[in-house]
Colleague: 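Once you've had a glance at the structure underneath, I'll fire off some questions.
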Amino acid sequence: QVQLIESGGGLVQAGGSLRLSCTASGRTSQNIAMGWFRQVLGREREFVAAVAWTDARTYYRDSVKGRFFISRDNAKNTGYLQMDSLKPEDTAVYYCAVAKDFFCSGYECVDEMLDYDYWGQGTQVTVSS
């Protein structure tokens with residue numbers, strides 16, 4: 001079993017930055033992917049970004065490319081989502097997730113909730129205009 005603890009959410013003005021962290025504990029292998037999703041009340045949870053743990057390959061939804069940057073620190077079992085140039089439409093609850101036994105490389109392998117086995121509790125990000 002893997003537990004995910006997120007931190008770093010908060011309130012920021014448009015144009016500002018936040019960095020989310022997600023630390024994994026429990027039995028994990030290196031063949032995983034960590035993803036970030038977000039959800040607005042009343043809407044479906046949507047994919048934001050993902051990183052493959054072994055080779056640091058990254059994936060982003062189009063609307064965050066060039067503004068959000070995902071990374072991981074193997075030694076700390078922690079993934080990060082650096083969010084710059086934030087917009088009010090980025091306001092949501094952000095969830096991190098881990099896909100175990102990750103041997104795929106395509107975007108289609110990381111952009112669906114069903115691709116992931118473990119989820120964090122979520123952290124609120126609010127961007128004011």
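No hydrogens, no waters, no symmetry mates; every other heavy atom, side chains included, goes into these values.
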Colleague: Under the 6.0 Å and 45° cation-pi test, does R61 pair with W36?
Modeller: no

Colleague: Are T126 and Q124 close enough that a side-chain donor and a side-chain acceptor fall under 3.5 Å?
Modeller: yes

Colleague: My understanding is that only residues two or more places apart in sequence, or in another chain, count here; which of them pass salt bridge (Lys or Arg N to Asp or Glu O under 4.0 Å) with D90?
Modeller: R38, R67

Colleague: Taking only residues at least two apart or on different chains, which pairs with a member in residues 60-111 satisfy ring pair (Phe, Tyr, Trp, His ring centres under 6.0 Å)?
Modeller: F47-Y107

Colleague: Please identify which of these residues, V64, L18, I70, meets the side-chain contact (heavy atoms from CB on, under 4.5 Å) condition with L81.
Modeller: I70

Colleague: Quick one: does any side-chain atom of T78 pair with a main-chain N or O of K76 as donor and acceptor, under 3.5 Å?
Modeller: yes

Colleague: Decide yes or no on side-chain hydrogen bond (donor to acceptor under 3.5 Å, both in side chains) for N77 and T23, but give the supporting numbers first.
Modeller: CA-CA 6 Å; N77 278 346; T23 300; over 6 Å; no

Colleague: Could you please spell out the steps behind the side-chain hydrogen bond (donor to acceptor under 3.5 Å, both in side chains) verdict for W53 and N74?
Modeller: CA-CA 8 Å; W53 219 251; N74 284 1; 3.0 Å; yes

Colleague: Using the salt bridge (Lys or Arg N to Asp or Glu O under 4.0 Å) criterion, which residues pair with R19? Sequence neighbours excluded.
Modeller: none

Colleague: With no hydrogens and no angle check, is any side-chain donor or acceptor of E6 less than 3.5 Å from a backbone partner on Q121?
Modeller: yes

Colleague: Does the side chain of Q82 reach to within under 4.5 Å of the side chain of S17, using non-hydrogen atoms?
Modeller: yes

Colleague: Within the distance-only criterion (no hydrogens, no angle test), does the side chain of Y59 pair as donor or acceptor with the backbone N or O of S105 below 3.5 angstrom?
Modeller: yes

